[in-house]
Amino acid sequence: MKQIFTRKNLPILATTFVLVLLFGTFSVLFDNFLSLRVVTDLFASNAHVGVVAIGMTFVILSGGIDLSVGSVVGFTTIFVATLVGKHEVHPVLAILLALLVGSVFGAGMGIFIQVYQLPPFLVTLAGMFFARGMAFVVSKQSLEINHRFYSAVIDAGIPLTDKVILRAPACIFVAVFVVALVLAHFSRFGRNVYAVGGNAASSLLMGVPVGRTRIWIYTLSGFCAALGGVVFTFRTQAGNATNAFGLELDAIAAVVIGGTLLSGGVGYVAGTLMGVLIYGTILTGIRFYGNLDSSWQRMAIGALLLVFIVIQRLLTRAPAREASH
Amino acid sequence: MRGISKAFRGVQALKGVDFTVRAGEIHALMGENGAGKSTLIKVLTGVHPRDGGEVLLAGQSVSPQAPREAEELGISTVYQEINLIPELSVAENIMLGRQPRRFGFIDWKELHTRARRALQRLEIEIDLHRSVSSCSLALQQMVAIARALDVNAKLLILDEPTSSLDEHEVAELFKVMRRLREQGLGLVFVTHFMDQVYAVSDSITVLRNGELVGEFKTAELPKIQLVGKMLGRELAAVEKVGDTMALGADAKTTGDAFLTAKQLGRKGGVEPLDLEIRKGEVIGLAGLLGSGRTETARLLFGADRKTSGSITLDGRATALSSPAKAIGSGIAFCSEDRKSEGIVPSLSVRENIILAMQAGRGILRLLPRRKQDELAAHYINALRIKTPSPETPIQNLSGGNQQKVLLARWLCLQPKLIILDEPTRGIDVGAKAEIEKLVDSLRREGMAILFISSELEEVVRASQRVLVLRDRKKVGELSGEQINEDRIMEMIATHE
Amino acid sequence: MNSAPSTIISRFLQSRIVWPLAGLALLLLFNFVFDRAFFEVSTRDGNFYGPMLTVMRLSVVVMLLAMGMTLVIATGGVDLSVGSVMAIVGTLTAFLAVKHHLSFPSLLGVAISVSLAIGVFNGVLISCVGIQPIVVTLIMMVLGRGVALNITGGSPLQVVDSGVLFLGKSFIVGVPVQIFLVVLVFAITVILCRKTAIGLFVEAVGDNETASRLSGVNARGIKVLVYIFSAVCAALAALVSIGDAGSVDPDGLGQMLELDAITAVVVGGTVLTGGRFTLLGSLIGALLIQTLATTLIRQGMDSAYAPVPKALVILVVCLLQSQKFRAQIASLIGNFRKPTS
């Protein structure tokens, strides 16, 4: 706790700084930007990205990558919509089923990666194609979800003031964040994730159950992706096989902006939250500006990523030199 | 341990070795490369199952099947390449996998208390919150030891613990080792640093070629005898005359200096040394493993940046800042690490042979295929490389033949100086002799050769001059008739 | 010693393209038995049409990308930015043609120089600054898509340049120009790789970078070169793609094609860890995936399901390369044999 300003914490400090700077700039530029409502909206409208990115954080911390999450989100939306709309399954059951399917799917990829020592990039690439294809198999048409439960969820929320309500998606995002925080820092699983990402060979010699941890990580990511899909349906009240195309890259970008190294072992769940919020703030700012299109968002995210990565590289290179004499 | 045997793929790595460590002693385990030290350790810690013999721990027969089991029995190991998670904190590294928990959550306070206690046992203080990667290697070593001791260790094995520490850090480590000895632990100290063995150990076991040479009280074994036992020669045995003279002695080293290095050194690598290599001369670099031989070679080749000194080639000062420049100046370097620095495994013998030559010609001027085939055929024939065809991937060849291919890679450049770092390691006797002969004929053609080998016999046979290194310092130079194994051993052992 | 013909056969059997070629042959055999119409070729206005030609036409863009990707993967890297490079080049050329009426040669010049610049950017960050290829090209992917959208503000454009339309739509002696272009690029690439030292250096760097550097190979330069080449391939793919479609959608152009290109390379027998590569294999890989999709669609599969067989192909290829899987299969076969013998 004593040393906040260490080299290791620099990336996440930079992230925080950028978030504050961005938010501050927009607050100066636009009236009404600095308000609780904008903040809650930020959480609500980016909840699905946030939930997915948190799952992705564990994968990247372990030194892996999961390209399948966007497709799993898309699959989940259409899966839930079809169950509710066509088969008249109660939404709660449908959601639970979707979460189960997502987790099992993630576990499957984890098993392939671990047991056959396959590159995560390729296995999850296959997973990405597979889940997207299966989403179309479920239904090619977009399907609306009309159910009392959904209306209830959409109206639900935690009132913060008499005008501002933290909507259900935002609540789920926050809850997932808190659970992930505890998991990462106060469970053996979480610490094992860091260990595996830091040095898998050493972890094995130190008695860390590397294989089991890896499989659980991909299961967790699959679960988060499915949950992200569920959150997505809360926002759109519909399912569509084409939903969340390319979301995996947004999630990876959020994680990286959040200061987590793609090489594994270094990073924080809290950083990912900041990454998602930066991502959302840029989006909101562009919306406030009015006549700017989404191209600016991508360019801003790209440029930010570039700056962060180069900073990270310079930071990680310096100690490496010392060590190697 | 009694009568331990272990064979790998028919090669007997250990032949009925006995090894005894008593509680409260520091026991050095010594031997040159391939003597069987690491195999013995790995059998002891359950990494490899043994083929024969038994391990007794406090009178009880044990047979750990995995490092984990060995740890539970009280046998802990700290490996040379320290196994820690660099980005996690000191405390976490000590406690990883056995974190104390309350209500299922990690109890960080208790964790830090226990980690502190483990470090206190070594009487060292490190900030528990620091990440391991920010600690010096010496501190990391301490963390690894603390971690090993957290279990109810009875025996602590330190595998080459000092190879990357400086003098002061070594002294600190020794203090800790003595402290643990007083606490009644048995310590096994694997190393190749002679002075350190004498500084800290109570007894010494020497292995050679998988066999036990003997166990000795450190105080009763003079250094020079220890060197002799490790290298397998008795001092008095004078067999040198015959073959020593056979190759090198008729040499007239009248060539001009090709390379002169003044105060060449690298922080953490080798201390500044002077070196002159003349045309038509073989210079031997002798010294034990880790004495700075390879480091010197890499400096001359530009593979590592020098931090001091200067190099002149043919009388002109040269920077030699990269391998490409060194090659351009006529220097070639056959690395001792054939696998990771020499061969390009899935490329063919032909491609491996022409790689350096092509690199010199650049991208556009591809060596015509006919010329490539000629070169490959010529060297396969001249060096008697045993390969089904020039198109066979080099990874399918035996070690000796891979080595010859690498030699061919450099010879086709017709370098002025070739640095051979352990060119005969891990290859069979026949190939060794061929390579030695080749070295001699190259010298006769006027090439300068820097010859590095752990086998003194080889160095003596091949060289006109020998530089002796110890503990990363040049400790002397012998030339002409002064060169013999006894003298070299003496210098390695006693020079201060 | 082996006699000459048998060494040629054994060398062929050991080569990397055997598996994808066998897969492709199997598919064609399937079609030959169950769907003879697959091989039908009709002529209209002297141009050839038919399912096989359609398969080839549909594979052209991925083939072009795959050639660049093959060299990148051979050095042990990966290039995720090619889809975005396509978007930038496609949108920019279409825009310049519409707004500033640039001629085809100058459009080509713009396409090549833009892709060159992107390739240099990728290559320098990877080999000189030392950032992982996947990260650098991911950044370029996000950034590039933004730039492409920014050119037109995201709105689609018509392709008006006759040269670009010629590339995408026309026929020469009845065969689509695109196919000639792929053959041409393939020939040039093979010549570049095998008649200069590029191929050798790429393989050496991908297989053992340290050893290559110690042999004097300019590993950094080689790496920059392959990313440049990959970007240029993407630029050509963009021209073909927009010419074929007749319009440009900055948001959709090249979207996810980087992953198709990687798939084609991996299926073609070049491993993701680098080293030996086969350009022909990558072309066959692209063709195999498209043939599989077309075959399944002709057998009644919905075209939207096409990602599923693609996923299975990737998985099978991965498993075939896995030591453990091979061992398991071998022991399985062994167990089968034991009871019968």
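We use all heavy atoms of the structure for the numbers below, so side chains are in, but hydrogens, waters and symmetry mates are not. Chain naming here is simple, since letters A, B, ... match the order of the sequence lines and numbering starts at 1 in each. As the structure is a prediction and not an experimental result, all values here were calculated from the model.
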>> For the interface with chain B, which of C/G216, C/A211, C/G206, C/S212 has the highest count of heavy-atom pairs at distances below 4.5 Å?
In response: C/A211

> Taking atom CG of C/N208 and atom CD of B/E341, what is their separation to the nearest 0.5 Å?
Replying inline: 8.5 Å

> Among C/G275, C/G221, C/S215, which has the most heavy-atom pairs under 4.5 Å with chain B?
Replying inline: C/S215

>> If I measure from the heavy atoms of chain C, does B/S340 come under 4.5 Å with its side chain, its backbone, both, or neither?
In response: backbone

>> So which atom in B/L355 and which in C/A204 form the shortest heavy-atom distance, rounded to 0.1 Å?
In response: CD1-CB, 3.9 Å

> In terms of heavy-atom pairs under 4.5 Å, which option from B/A326, B/A356, B/S346, B/P368 contacts chain C the most?
Replying inline: B/S346

>> Can you tell me which of B/P345, B/A324, B/A303 forms the most heavy-atom pairs within a distance under 4.5 Å of chain C?
In response: B/P345

> Are there more than 12 heavy atoms of other residues, nucleotides or ligands under 6.0 Å from atom CD of B/E374?
Replying inline: yes

> For the residue pair C/T196 and B/I363, what are the closest heavy atoms and their distance?
Replying inline: CB-O, 3.4 Å

> B/L347 versus chain C, heavy atoms under 4.5 Å apart: side chain, backbone, both or neither?
Replying inline: both

> So which part of B/R361 gets closer than 4.5 Å to some heavy atom of chain C, the side chain, the backbone, both or neither?
Replying inline: neither

> Highest number of heavy-atom pairs under 4.5 Å with chain B: which of C/L225, C/I222, C/T210, C/L200?
Replying inline: C/L200

>> Taking every non-hydrogen pair under 4.5 Å, which of C/D207, C/V217, C/N218, C/L192 racks up the most with chain B?
In response: C/D207

> Should we say atom CZ of B/R384 is surrounded by more than 12 heavy atoms from elsewhere, each under 6.0 Å from it?
Replying inline: no

> Which pair of non-hydrogen atoms, one from C/L214 and one from B/W410, has the smallest distance, and what is that distance?
Replying inline: O-CH2, 3.3 Å

> Taking only residues two or more places apart in sequence, or in another chain, which ones meet B/S348 in a side-chain hydrogen bond (donor to acceptor under 3.5 Å, both in side chains)?
Replying inline: B/E351

> With only heavy atoms counted, which part of B/I354 is less than 4.5 Å from chain C, the side chain, the backbone, both or neither?
Replying inline: side chain

